[in-house]
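Here the structure comes first, spelled out in structure tokens, and everything after it is commentary.
Atoms within each ligand, like the ligands themselves, are counted from 1 in listed order. Just so you know, these numbers use all the heavy atoms, side chains as well, and skip hydrogens, waters and symmetry mates.
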Amino acid sequence: MSVTTRFAPSPTGRIHVGNIRTALHNWLFARQQGGRFLLRIDDTDRERSEERFVEAIRNDLTWLGLDWDGEERQSARFAAYEARFDALRQSGRLYPCYETPQELDLKRKIQLGRGLPPVYDRSALQLTDAERARLESEGVRPHWRFRLDHDAPIAWHDLIRGDQRFDPKLMSDPVVRRADGSWLYLLPSVIDDIDLGITHVVRGEDHVSNTAAQVQMFEALGATPPGFAHEALLTGAEGKLSKRLGATDVDHWRETGIEPLALAAKLARIGTSLAVEPVAAMEKLIDSFDFATFGRAPARFDEAELARLNAQTVHLLRFDQVRDRLPAGMNARAWEAVRPNLERVADAADWWAVVEGPVSATIDDQDRGYLQQAADAAGEIDWGGDPWHALTGLLKERTGRKGKPLFLPLRRALTGRDHGPDMAALLPLIGRERALERLAAAHG
Ligand code: GLU
């Protein structure tokens, strides 16, 4: 069986870390299995869905490095929903209901007051044809419920949660269509999953009770339900997914210099028994993906940890992965020289500015004589090999300095800073001419 998964966002806003995680897991599983990953735009809500969000979702997935093998839109599939709706109505699995929201609310309150579960009492099923005709003639439009089969216990083996059992008698028959004809999410999603050949539905555990109802919908439509994996929800460092994190979109990560690979490495592994570790390519995350490693406890998303993982990720990136984002002229050698000192790729530009100059250095008076000797030595050494070791070796011999007094004045004069990338890597980039200039300026 070849695997097909889908990511099914509603284009009513930007996607946040929770959605990204779901998308990523669907993608990782499909890629690992050599299967297909589809993007399904859940835009049945025509008022709240916006084209700019569809565009943003595509861009966000692309930035993250996720590609998809097909795109579907629910708004283009109303005819398919209508056909299944008619079939289910004829087979008696859908029935019209005429209660107002106020009436339903009152029923619930009475049940709760009696200590009963607030399950819909199916009174609409008791209506006679004449009563229905009267309601219709009064202009009351029905909403539609899916009649759960009370004799068929609902069970599935969840790839994360293990064996799941639901008693349909304790569930309300779900509303699938509103009085104005618009669709709720449950039934169209099942119809799409059947028509698109979805083999695995991977989503948050907030959907578990939806799944219970949907399992019966698959069966009522003559289909075998797909596999399900419901993942524990994501929480912020403080215990729940904060409003802020829930409202944080991909632009935020991009603008603060978070690498897509760092975000993916984090979201692929938090909440699993695998270690969160930096990766230089998605392959590693694809290879190690395994539902069996997913825990049941909420996964904690800590932004400070993400920042650290980001720096470690940057240290692994190859030149060809970042060249488009580096300043003009910066080559692979320069990237490798500064990479270990970066927290974000964009900071490479600061070090490139140090290489190219000008730099302004504050020099202690007591170092001026030493820097004079350094300028002389720099004029004598061979710049073709390892000029830093050649220079410091010669100066050590001539001045007897060692350690910090030997190195720090040179670093200051050559870079204008006290800290930074390994001078052995940086000095060849600065080069003879600029180094001599900077040393001369420092002792002058
Ligand atoms: N549009 C639904 C949501 O975002 C899709 C859920 C599903 O994966 O079936 O919650």
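- For the pair Q74 and R40, the tightest heavy-atom approach, listed with the atom from each and the gap, is NE2-NE, 3.6 Å.
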Evaluate the criterion side chain to side chain contact (heavy atoms under 4.5 Å, CB included) for residue pair R31 and L285; output intermediate values, then yes/no. CA-CA 10 Å; R31 291 291 170 260; L285 303 175; over 6 Å; no
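- Sorted by chain then number, the residues whose non-hydrogen atoms approach ligand 1 to under 4.0 Å are R6, A8, S10, D42, Y185, S189, R203, H207.
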Go through the steps to decide whether H207 and Y185 satisfy the test ring-ring contact (aromatic ring centres under 6.0 Å, His included), and finish with yes or no. CA-CA 11 Å; H207 280 288; Y185 146 80; 5.5 Å; yes
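- Here the closest non-hydrogen pair linking N310 and A262 is OD1-CB, 3.4 Å.
- When all heavy atoms of A281 and L261 are compared, the closest pair comes out as C-CD2, 3.9 Å.
- Pairing each heavy atom of N341 with each of P421, the nearest pair is OD1-CA, 3.1 Å.
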